[in-house]
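See below for the structure under consideration.
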Amino acid sequence: MSKQVILTGLRANSEFHIGNYLGAILPMVELQKTHAGKYQVNMFVPDLHSFTTPIEHGKLYQQTLENLKIFVAAGLDISDSDTYIYRQSYIPAHSELTWILDCFAYFGEANRMIEFKEKADKQDNVSIGLFNYPVLMAADILLYGAKWVPLGDDQKQHMELTRDLSLRMNNKFGEVFVVPEEWKEQLKFAKRDNGVRIRSLRNPDKKMSKSVSDPSGTILLSDVPEKAAKKIMGAETDSVGAIHLDFEKQPGVSNLLQISALLDQEPLDKVANEWDGKTSYGDLKKHVARQVEDFLKAFQSSLSKVNEKDLMTKLVSDEKAMNKVANETLLEVQKAVGLRPQ
Ligand code: TRP
């Protein structure tokens with residue numbers, strides 16, 4: 001029997017920051033390490049998703065490759081023969097299947113997507129692409145028969161839509177799709193009962209984000225390490241006067257504890273216990289600033305050593321292999337809906 005597929009995609013519409021790194025990239029790399037040999041791992045860059053909201057198009061192509069390099073620098077083993085990396089737009093079946101699924105997805109269900117509403121609220125001209133985002137995501141998953149899709153909580157609804165669509169199509173046409181596992185099972189699989197959300201250093205009630213115009217609250221992976229350390233020193237804290245892990249009452253301090261724990265790959269509880277009750281926020285900041293500085297130095301050095309030629313060779317060969325898989329699924333669907341002879 002062929003191996004079960006774990007599939008993950010990380011958007012490339014802006015530069016990555018340490019929130020992306022600690023909350024998404026590292027867990028993905030860990031997942032590959034944990035499951036190497038037993039599962040097939042698909043790691044792709046959803047470049048077609050990148051401009052569902054406005055971006056600088058002139059930077060997209062390079063950014064996509066840069067993000068793949070970042071995965072490798074973070075430890076993704078591209079010599080593993082069960083791991084496939086690819087760019088969504090290099091596999092036309094994604095777009096093709098999206099159209100077919102569109103005709104079975106209901107306007108009402110797509111209109112209930114919270115992420116759509118949140119993003120639409122922030123824009124003047126809302127594209128149909130943004131509305132269609134979750135259906136393209138369903139195509140990304142269903143083309144490869146992926147059972148396991150590790151995702152953050154904000155993507156739960158999209159995952160449920162994917163399951164609903166696959167079940168609906170299977171009921172109507174027979175077993176055309178592998179149905180991804182339920183959300184509960186996904187969380188267990190990814191060992192992610194409490195999601196990691198790194199917050200802005202300046203507005204710790206919000207998550208760290210490149211899109212908030214908040215440069216001093218966000219540490220980019222490309223930041224000069226010493227400058228990043230200064231951002232930590234300038235992090236917003238509170239007036240409680242003692243360190244406690246409490247994201248409600250002390251979000252700034254708790255965020256620093258979280259960053260510290262993740263950078264040391266230690267459980268958050270353990271790190272929080274070490275600092276609990278101490279009164280010098282300055283000591284905590286100095287400690288985390290040093291950790292961030294060291295991390296960025298090491299990371300940027302690994303990034304500069306990534307062999308681009310090897311990466312491109314792997315990418316091109318994986319895209320060929322994945323086109324084959326995706327086209328096979330697409331053909332089954334085309335047959336099912338009557339676009340191709342049975
Ligand atoms: N929506 C995902 C995110 O914002 C990115 C994504 C697109 C994705 N297609 C996917 C993730 C398919 C997993 C599977 O993070």
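Order of listing sets the numbers, starting from 1, for every ligand and every atom in it. Just so you know, these numbers use all the heavy atoms, side chains as well, and skip hydrogens, waters and symmetry mates.
More than 12 heavy atoms of other residues, nucleotides or ligands lie within 6.0 Å of NZ in K335, so this atom counts as buried by the packing criterion. For I114, the CD1 atom sits in a loose shell: 12 or fewer heavy atoms of surrounding residues, nucleotides or ligands are nearer than 6.0 Å.
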Evaluate the ring-ring contact (aromatic ring centres under 6.0 Å, His included) criterion for residues Y84 and Y144: first the C-alpha distance (whole Å), next the side-chain angles of each, then the deciding distance (0.1 Å), finally the verdict.
CA-CA 11 Å; Y84 293 90; Y144 304 94; 9.1 Å; no
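Remark: R168 is positioned above the aromatic ring of Y106, its terminal NZ or CZ atom under 6.0 angstrom from the ring centre and at most 45 degrees off the axis. Judged by the 6.0 Å distance and 45° axis criteria, K314 is not positioned over the aromatic ring of Y86.
In this structure, R290 does not pair ionically with E293, as no charged nitrogen and carboxylate oxygen lie closer than 4.0 Å.
Under 4.0 Å from any atom of ligand 1, one finds heavy atoms of residues L7, G9, R11, F44, P46, H49, Y133, M137, D140, I141, V149, L151, Q155.
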